[in-house]
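Note: hydrogens, waters and symmetry copies are ignored here, and every other heavy atom, side chains too, is used.
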Amino acid sequence: MTLTEQHFQESPPPPSEVAKEDMDSTGGKEKAAQPSTARTGALVRKQQATGRLIMHSMAMFGREFCYAVEAAFVTPVLLSVGLPKSLYSLVWLISPILGFVLQPVVGSASDHCACSWGRRRPYILGLGIIMLVGMALYLNGDEMISAFIGEREKQRTWAIVITMLGVVLFDFAADFIDGPIKAYLFDVCSHEDKEKGLHYHALFTGLGGALGYLTGAVDWGETVLGYSLTSEFQVIFLLSALVFLICLIVHLRSIPEVPLRYGNKETKLLLEVTEPYKYRSIEEIKNGYSSCTDLNATSKTKKGTDASCSEAQRRMTLKSLLKTLLSMPSHYRCLCVSHLFGWMAFLSNMLFFTDFMGQVVYQGSPYASHNSTLYHTYRRGVEVGCWGLCINAIASSAYSYLQKVLLPYIGLKGLYFIGYLLFGLGTGLIGLFPNVYSTLVLCSLFGVMSSTLYTVPFQLIAEYHKEEEDLNLQQKEQGTEHGRGKGIDCAALTCMVQLAQIILGVGLGLLVSVAGSAVTVISASMVALIGCCFVAFCVRYVG
């Protein structure tokens with residue numbers, strides 16, 4: 001809970017004369033800049049400008065741009081350094097396992113971060129730097145090793161190690177960063193702005209993915225940059241790093257955070273008040289609504305509130321964190337399970353889609369001789385599959401806008417149900433009737449699912465938190481924070497992405513080796529339709 005949410009009830013004492021003079025001299029500008037407080041006691045955050053929300057969404061644009069570049073180039077890079085096939089599954093499993101274990105820890109830590117810059121932005125900046133380091137290693141690892149090691153065999157070994165490390169670091173940070181970004185949005189926005197911000201996130205996620213796939217489709221080796229640098233991979237890294245850095249800086253400068261300074265004297269006085277006058281924030285204290293002396297005079301008992309303050313300062317241990325996750329309310333748990341179904345369906349299709357296009361739709365073979373017709377046919381299918389993924393990204397952006405139009409009519413339940421249903425039917429048709437043109441058209445339904453997964457579950461988290469805050473207000477318990485923060489709830493939801501990757505990495509690879517790529521599309525359809533039933537009957541919707 002942020003400081004702007006530490007409020008007090010009933011009417012305020014008269015502001016001091018000094019505060020009155022300060023407000024008169026500034027023409028009330030500072031007062032207007034602060035969040036308003038309704039007569040019911042609930043804090044009403046200032047509505048954010050659309051430009052601020054767009055700036056906040058730029059992090060999703062940069063992240064998805066880099067994700068698309070990785071999807072296009074990571075396999076060629078791994079093949080070029082000579083990675084053995086036996087290590088492929090290891091590369092894709094390390095990152096989700098780390099994310100699944102550590103993501104809730106980071107989410108909880110950000111809930112209690114007392115950095116003067118805010119709670120979420122330090123973590124976003126750190127994860128962004130790790131993403132850049134990972135990209136640098138997996139796209140330039142071979143050249144780095146060649147510059148330092150002359151022996152050919154050692155070069156190959158260390159190139160494999162550095163490239164694998166880069167892929168793991170990038171995937172780890174790119175998966176991790178989504179949770180703090182969502183929690184940052186929830187912290188600084190009103191309920192209406194949260195919904196609008198999530199739609200902008202989905203819009204820019206699709207645009208970033210589309211531009212990333214188009215960047216991967218260009219032959220940069222034949223451009224001026226390609227001739228200036230030593231390889232196409234260096235050009236791709238330069239462009240990706242530049243785009244991501246710009247997007248990250250814009251995001252971090254979008255909306256200021258209120259720091260969580262539990263050690264601050266004024267904050268301690270706020271936490272010590274047991275007979276408060278009004279629900280209001282630390283900023284209102286600073287701007288003359290009441291003085292610290294007034295607050296101190298009203299504090300009758302400190303013992304119980306000191307304990308709650310020290311409890312708020314205490315970072316969760318892994319044991320207490322696991323206890324919090326396991327004891328979460330059933331509606332949170334059901335939402336996590338539905339999110340797991342969605343990502344299992346979506347990833348089982350997306351991870352093998354280009355291979356499905358090459359082998360099943362185009363009837364090519366990746367195992368044929370490289371100068372054979374079968375192999376060139378397969379490569380052609382992979383290229384067309386990349387265009388299909390680009391269609392998916394564009395459709396995701398378009399549907400994120402359409403969601404805002406549909407929401408008042410069908411609600412979150414309708415949006416959630418339609419996303420899973422259309423994806424399940426679309427992938428089923430692709431698996432049963434593999435055809436180039438129909439498959440490319442149905443790729444647009446992948447975008448519907450993508451936009452749904454990036455928006456609706458997090459909107460439900462926001463609805464749950466709003467419901468709990470309203471309940472606390474009705475029970476006059478606003479001074480006490482409930483056990484979970486927004487950071488840990490967003491992290492628990494995002495953990496389902498890593499869990500889906502782990503399940504698919506262990507099970508789906510074996511199915512593909514036995515039954516071929518067609519099984520991935522059929523399994524995606526079946527899981528999505530099961531998830532569709534779960535979304536309809538098990539997930540709770542507020543209102």
Report task. Test L203 against F61 for side chain to side chain contact (heavy atoms under 4.5 Å, CB included), laying out the working first. Result -> CA-CA 9 Å; L203 173 66; F61 180 94; over 6 Å; no

Report task. Report the C-alpha separation of F204 and S400 in whole Å, then their side-chain angles, then the decisive distance to 0.1 Å, and conclude whether the side chain to side chain contact (heavy atoms under 4.5 Å, CB included) test is met. Result -> CA-CA 9 Å; F204 281 91; S400 66; over 6 Å; no

Query raised in the report: What do the steps show when you test Q234 against F237 for side chain to side chain contact (heavy atoms under 4.5 Å, CB included), and what is the final call?
Result: CA-CA 5 Å; Q234 289 189 353; F237 170 71; 5.6 Å; no

Report task. Begin with the C-alpha distance, continue with both residues' side-chain angles, and end with the deciding distance and a verdict on side chain to side chain contact (heavy atoms under 4.5 Å, CB included) for Q498 and L98. Result -> CA-CA 9 Å; Q498 280 87 43; L98 287 174; over 6 Å; no

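Of the candidates S451, S450, S444, S450 is the only one forming a side-chain contact (heavy atoms from CB on, under 4.5 Å) with N392. Partner L415 forms a side-chain contact (heavy atoms from CB on, under 4.5 Å) with one of V535, L407, T452 and no other, that one being L407. Residue T455 is tested with E195, Q403, H201 for a side chain to side chain donor-acceptor pair (under 3.5 Å); the sole match is Q403.
Looking at residues two or more places apart in sequence or on another chain, you find no salt bridge (Lys or Arg N to Asp or Glu O under 4.0 Å) involving D175.
By the 4.5 Å heavy-atom criterion applied to side chains, V69 and F244 are not counted as neighbours. For the pair E70/V167, a side-chain contact is recorded, criterion being any heavy-atom separation below 4.5 Å from C-beta on. Considering only heavy atoms from C-beta on, F423 stays 4.5 Å or farther from C532 through its side chain. The side-chain heavy atoms of L460 and R540, taken from C-beta on, include no pair separated by under 4.5 Å. Between Y399 and L422 the shortest side-chain heavy-atom distance does not fall below 4.5 Å. Side-chain contact between Y200 and T50 is present, with at least one heavy-atom pair separated by less than 4.5 Å. The side-chain heavy atoms of I181 and H56, taken from C-beta on, include a pair separated by under 4.5 Å.
One distance of note links NE2 of H331 with OH of Y464; it measures 6.0 Å at 0.5 Å rounding. Between the CZ atom of F65 and the CG atom of L239 there is a distance of 6.5 Å, given to the nearest 0.5 Å. Within the model, atoms CD of Q48 and CD1 of I54 stand 13.0 Å from one another, a figure rounded to the nearest 0.5 Å. Taking CE from M55 and SG from C247, the interatomic distance works out to 11.5 Å, rounded to the nearest 0.5 Å. One finds the CE atom of M60 at 4.5 Å from the CZ atom of R63 (value rounded to the nearest 0.5 Å). Between atom OH of residue Y416 and atom CG of residue L421 there is a gap of 14.0 Å, rounded to the nearest 0.5 Å.
Classification of the F176-F172 ring pair by plane angle, with boundaries at 30° and 60°, yields tilted. Ring-plane geometry between F446 and F353 is classed as perpendicular, the angle between the planes exceeding 60 degrees on a 0 to 90 degree scale with a lower cut at 30.
The two atoms that bring I130 and A173 nearest to each other are CG2-CB, 3.6 Å, heavy atoms only. The shortest heavy-atom contact between S240 and M135 is CB-SD, 3.8 Å. Taking all atoms of both residues into account, the shortest heavy-atom contact from P180 to I124 is CB-CG1, 3.7 Å. Nearest heavy atoms, A68 versus Y213: CB-N, 3.6 Å. Closest approach of K194 to C189, counting heavy atoms only: CE-O, 3.4 Å. In terms of heavy atoms, H339 sits closest to P457 at ND1-CG, 3.4 Å.
Cation-pi geometry between K466 and F186 is not met at under 6.0 angstrom from the ring centre and within 45 degrees of the axis.
With E257 contributing its side chain and R121 its backbone, the two residues share a donor-acceptor pair below 3.5 Å. In terms of modelled atom types and a separation under 3.5 Å, the side chain of Y184 and the main chain of I255 share a donor-acceptor contact. Side-chain N or O atoms of S254 include one that pairs as donor or acceptor with a backbone N or O of H251 at under 3.5 Å.
For the residue pair Y420 and S338, no side-chain donor N or O sits within less than 3.5 Å of a side-chain acceptor on the partner.
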